[in-house]
Number of protein chains: 2
Amino acid sequence: MGVAERKQRHKEQVKAAILEKAWQIATTEGWQTLSIRKIADAIEYSIPVIYTHFENKEAILFEFTRKGFSILSERLKEAKESRQESCQQLDAIAKAYFKFAFGNKEYYQLMFGLGMPPCETVSRVAEMKEFSDVIISVIQSAIQGSKNPDADAFLKFHAYWSILHGQVSLQMMNNNGNVSNDLKEKILEDSIAGFIKALVS
Amino acid sequence: MGVAERKQRHKEQVKAAILEKAWQIATTEGWQTLSIRKIADAIEYSIPVIYTHFENKEAILFEFTRKGFSILSERLKEAKESRQESCQQLDAIAKAYFKFAFGNKEYYQLMFGLGMPPCETVSRVAEMKEFSDVIISVIQSAIQGSKNPDADAFLKFHAYWSILHGQVSLQMMNNNGNVSNDLKEKILEDSIAGFIKALVS
DNA sequence: TAAAAAATATAACACTGTTAGCAAAATTAC
DNA sequence: GTAATTTTGCTAACAGTGTTATATTTTTTA
């Protein structure tokens with residue numbers, strides 16, 4: 001008399017199918033085009049069935065965000081355990097992080113809200129040139145006066161910008177967060193000081 | 001007989017009104033809720049009028065992206081000119097960048113596709129703790145073996161993560177871009193090396 | 001076999017961006 | 001000053017979206 005069990009099993013199968021098909025659509029067509037209707041079509045059920053398994057669309061996406069962080073953590077752990085010395089571990093972790101991000105773009109974009117409409121536009125904005133020119137010129141000067149005058153200014157510019165954008169972007173997401181305004185500034189100062197130190201070394 | 005001129009003037013006024021009202025809506029309700037219908041309502045014209053001034057909604061947003069970069073460039077230039085020495089200029093620019101980002105969130109979020117749905121979720125993901133724990137533990141070890149054993153591991157973790165996320169995020173946007181795979185790795189290695197160097201100083 | 005409960009579907013609501021087709025106004029030509 | 005033409009703007013629709021109230025069908029229980 002395993003009727004309840006059978007039903008439970010079936011329910012889980014449908015839920016799994018929703019996630020599976022959602023992932024399939026996301027990887028082939030992108031997160032932007034993923035819709036409840038498409039999922040319903042793919043699993044060959046009507047739309048409201050999806051809402052018996054997930055509160056709303058966001059909840060489906062959230063599931064993948066969680067899974068993404070779970071996978072990322074695993075990869076970072078592996079990277080850590082591949083080395084003994086902590087500085088080398090930091091190096092390995094960084095590379096693992098990159099590998100995960102570019103090897104699992106669908107996850108990373110969802111996890112951090114990237115890959116959205118304006119992204120391709122960034123590179124089309126003429127005004128951006130002015131922006132990068134300002135910074136590159138300063139970096140060039142700094143390099144010339146440094147102990148390493150052969151450093152690549154373009155490379156350093158990207159590193160510098162990454163520090164800035166990375167911090168802004170992460171801190172903006174985490175706005176409810178446990179990071180105080182004071183600490184934010186400290187983090188920035190510390191990072192920039194580190195960058196400059198490495199630059200003029 | 002300035003009839004053509006008058007028409008031209010009127011046309012420009014309407015276009016300006018579209019941008020003005022769009023900005024008003026974005027700043028009070030957020031980019032996500034900005035719609036063509038809302039703009040049409042605000043300027044007291046019908047919907048198709050908007051399409052005689054802009055090809056589509058993206059074109060309206062693009063206008064603000066451009067303006068955002070323009071303002072940012074200006075601020076960075078000012079920061080640069082406020083100092084003489086290039087290292088201090090880099091410092092001032094970094095602070096100006098931050099000030100712009102957090103003082104003009106609407107611009108920054110649009111420029112870099114931030115503030116989108118999944119953003120608030122990031123901090124709600126339990127799986128994230130595991131992720132941060134891995135890295136923090138390594139950083140803690142590195143600090144203990146460094147010449148500066150009193151450094152704040154949490155602060156350093158954020159700096160480290162910012163470097164990673166900043167680079168991933170910028171490079172993913174710029175995917176058509178002029179940055180080769182080779183260079184990407186070089187930039188990463190360089191940044192991480194700089195971070196570690198500053199960490200164990 | 002009939003009643004109750006669970007599972008599933010249809011159809012609608014309130015939105016979105018975008019556009020085809022038509023009405024009104026303004027301009028030009030006679 | 002009237003008629004034809006161009007410009008301007010609006011109505012209404014299309015094709016989507018997420019979400020839900022309301023039925024219907026199916027399954028289980030009595």
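Letters go in sequence order (proteins before strands), and every chain restarts at 1.
In this structure, NZ of A:K38 is placed 7 Å from P of D:dT17, rounded to the nearest angstrom. Between the C1' atom of C:dA6 and the CD atom of A:Q8 lies a distance of 14 Å, rounded to the nearest Å. Rounded to whole Å, atom C1' of D:dT17 lies 12 Å from atom NZ of B:K57. Separating the CG atom of B:D41 from the P atom of D:dC10 is a distance of 12 Å, rounded to the nearest angstrom. B:I36 places its CD1 atom 7 Å from the C1' atom of C:dG17, with the value rounded to the nearest Å. One can place CD1 of A:I39 at 11 Å from P of D:dT17, the figure rounded to the nearest angstrom. As a whole-Å value, the separation of B:K11 NZ from C:dA26 P is 16 Å. Rounding to whole angstrom units, CD of residue A:E55 and C1' of D:dT19 are separated by 12 Å.
Counting any heavy atom pair closer than 4.0 Å across all strands shown, A:I60 reaches no nucleic acid atom.
Within a 6.0 Å sphere centred on CD of A:E185, heavy atoms belonging to other residues, nucleotides or ligands number 12 at most.
In this structure, the side chains of B:N104 and B:I71 stay at 4.5 Å or more apart for every pair of heavy atoms.
The closest side-chain donor-acceptor pair between A:Q144 and A:Q140, if any, does not fall under 3.5 angstrom.
No option in A:L155, A:L199, A:I135 other than A:I135 meets the side chain to side chain contact (heavy atoms under 4.5 Å, CB included) test with A:Y160. Among B:F69, B:F100, B:Y107, the single residue meeting the ring-ring contact (aromatic ring centres under 6.0 Å, His included) criterion with B:F112 is B:F69.
At a non-hydrogen distance threshold of 4.0 Å, B:I47, B:P48, B:Y51 from residues 44-54 of chain B come into contact with DNA chain C.
Judged by the 6.0 Å distance and 45° axis criteria, B:K184 is positioned over the aromatic ring of A:F102.
In the interface, the side chain of A:R37 is paired with the base of D:dG18 through a donor and an acceptor atom under 3.5 Å apart.
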